[in-house]
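See below for the structure under consideration.
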Number of protein chains: 2
Amino acid sequence: MPSTQSQSEHMDEVFKALADPTRRAILDHLKDGRKTTTQLVQEFPQMTRFGVMKHLNILEGAQLVVSKKEGRTRWNHLNAVPLRLIYERWVSGYENQWAGSLIKLKHAVESKHTSTNSQKKGDPQ
Amino acid sequence: MPSTQSQSEHMDEVFKALADPTRRAILDHLKDGRKTTTQLVQEFPQMTRFGVMKHLNILEGAQLVVSKKEGRTRWNHLNAVPLRLIYERWVSGYENQWAGSLIKLKHAVESKHTSTNSQKKGDPQ
DNA sequence: CAAAATGGTGACTATATAGTCACATATAGA
DNA sequence: TCTATATGTGACTATATAGTCACCATTTTG
């Protein structure tokens, strides 16, 4: 059992953390390797330092980022584990669906060209 | 490729749609098969019909749900494709990280015992 | 057509979130 | 110690989002 939060609460934090484009950009920057807070701040000139730090703290709360203090600098590391958990609970689990209902789903799409059909193609019957 | 929005804009909609627990619950309900709007509403007694419908529209905007109208009933289908895209862009891509930097990441975690360490189980690697 | 059932929508409130500013803390090095 | 650098935080504003209510539209069926 986790310590302070349940698994689903953790997932909620992870999804909420991923919901912001700036935070996803931060993760992308950390993909190349660890960075200090100041280095990250420099990647977002349009935002204040504290803005970036708040995003960093949210990412750390979701355990998508792990930080290590070294002297007066804070090294921020990417942690892909929560992403892996999303895959296990939300992608692989849902793919059972594919074989079973993808055909009728396909029918649904084709026979309707749904409401918000962002993509062209169909004449609306 | 979609017409009205870029891939990253679509991903943003998907992540934002997934950020809400009610919407994730709706997806879970649809996992068992298609449901009408009224059927879904009945699954959330604590929320009004319109509340559920707004969530449904958001899910449909993110293409996580596809709806098909049949007479006066609307059948809502799960569409797992965006989840699959999340995997391809945000999980498999990040797993390169694992081999490379998981060791120093592990050090970072250990030397800090960060915030909330939920999952112990097996250390990867 | 009339009634009932299903679904859709505009306007509103309450709360959460993004982002900023000013100020505080801590470490490295002269 | 003094100072520059790197990071941390409380309080605030602006905007987005969740959720509700009352009302409207469409379709089935008698």
Side-chain angles (χ1 to χ4, degrees), chain A residues 9 12-27 29-30 34-62 64-77 108 111-117 124-125, chain B residues 9 11-27 29-30 34-62 64-77 108 111-112 114-115:
Chain A
E9 279 165 354
D12 193 58
E13 275 193 287
V14 174
F15 276 116
K16 278 183 170 26
L18 289 172
D20 186 271
T22 301
R23 289 195 285 268
R24 293 199 301 277
I26 289 177
L27 294 184
H29 282 297
L30 293 180
R34 68 176 193 174
K35 282 193 168 66
T36 69
T37 302
T38 302
Q39 285 176 331
L40 279 172
V41 167
Q42 290 166 347
E43 310 267 18
F44 300 90
Q46 74 287 4
M47 193 180 304
T48 61
R49 185 172 56 83
F50 190 34
V52 176
M53 281 186 53
K54 276 173 73 171
H55 286 304
L56 266 177
N57 289 334
I58 292 173
L59 287 169
E60 192 166 5
L64 283 159
V65 164
V66 174
S67 70
K68 176 190 180 185
K69 240 187 143 175
E70 202 171 84
R72 67 182 163 185
T73 67
R74 161 173 153 176
W75 288 102
N76 301 283
H77 300 252
S111 70
K112 182 173 191 272
H113 286 166
T114 312
S115 49
T116 59
N117 72 339
Q125 49 195 334
Chain B
E9 280 165 355
M11 288 304 279
D12 193 59
E13 275 192 288
V14 174
F15 276 116
K16 278 183 171 27
L18 289 172
D20 185 90
T22 301
R23 290 195 284 269
R24 292 200 301 277
I26 289 176
L27 294 184
H29 281 298
L30 293 179
R34 69 176 192 176
K35 284 192 166 64
T36 68
T37 302
T38 302
Q39 285 175 330
L40 279 172
V41 167
Q42 289 166 348
E43 311 265 19
F44 300 89
Q46 74 286 4
M47 194 179 301
T48 62
R49 185 170 57 82
F50 190 34
V52 176
M53 283 186 52
K54 275 174 72 171
H55 285 305
L56 265 176
N57 289 335
I58 291 172
L59 288 168
E60 193 166 4
L64 282 159
V65 164
V66 175
S67 70
K68 176 190 182 184
K69 242 188 143 174
E70 202 171 83
R72 67 182 162 183
T73 67
R74 161 173 154 175
W75 288 102
N76 301 283
H77 300 251
S111 70
K112 180 164 192 283
T114 309
S115 43

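Just the heavy atoms: all of them, side chains too, but no hydrogens, waters or symmetry mates, feed the values below.
- Distance NZ (B/Lys54) to C1' (D/dC21): 11 Å, rounded to an integer number of Å.
- Contact between the side-chain N/O atoms of A/His55 and the OP1/OP2 oxygens of C/dG19 is found at a separation under 4.0 Å.
- Here B/Gln46 lies in heavy-atom contact (under 4.0 Å) with sugar-phosphate atoms only.
- Using a 4.0 Å cut-off, some side-chain N or O of A/Arg23 falls inside it from OP1 or OP2 of C/dA18.
- Contact annotation: the side chain of B/Phe44 approaches that of B/His29 to within less than 4.5 Å [non-hydrogen atoms, C-beta and beyond].
- Atom CD in B/Gln42 sits about 11 Å away from atom C1' in C/dT6, given to the nearest Å.
- The nearest whole Å value for the distance from the NZ atom in A/Lys69 to the C1' atom in D/dG8 is 8 Å.
- Going from atom CD of B/Glu60 over to atom P of C/dT9 covers 11 Å, rounded to whole Å.
- Taking the side chain as every heavy atom from C-beta outward, B/Leu30 and B/Leu64 never approach each other to under 4.5 Å.
- Taking atom CE of residue A/Met53 and atom C1' of nucleotide C/dG19, one finds them 14 Å apart after rounding to whole Å.
- For A/Thr48, a side-chain nitrogen or oxygen approaches OP1 or OP2 of C/dT20 to under 4.0 Å.
- In this structure, B/Asn76 contributes its side chain and B/Ser67 its backbone to no donor-acceptor pair below 3.5 Å.
- Nucleic acid contact for B/Gly71: sugar-phosphate only, since backbone atoms but no base atoms lie under 4.0 Å from a heavy atom of the residue.
- In this structure, B/Leu56 reaches neither bases nor backbone, as no heavy-atom distance under 4.0 Å exists between it and the strands shown.
- Closest-nucleotide positions on DNA chain D for B/Met47 and A/Asn57 were compared, and the one nearer the 5' end corresponds to A/Asn57.
- For D/dT26, the base has no donor-acceptor partner in the side chain of B/Arg72 [N/O atoms by modelled type, under 3.5 angstrom].
- When the P atom of C/dA18 is taken as reference, atom CG of B/Asp12 falls 12 Å away, rounded to whole Å.
- Summarising the geometry, the separation between NZ on A/Lys16 and P on D/dT17 is reported as 12 Å, rounded to the nearest angstrom.
- In this structure, the side chains of A/Ile58 and A/Lys16 stay at 4.5 Å or more apart for every pair of heavy atoms.
- Side-chain nitrogen and oxygen atoms of A/Arg49 include none within less than 4.0 Å of the OP1 or OP2 phosphate oxygen of D/dG8.
- Rounded to a whole Å, the CZ atom of A/Phe50 is 12 Å from the P atom of C/dG19.
- Looking at B/Pro21 and A/Glu9, their side chains never come closer than 4.5 Å, going by heavy atoms from C-beta outward.
- As judged by a 4.0 angstrom heavy-atom cut-off over every strand, B/Leu40 is placed among residues making no nucleic acid contact.
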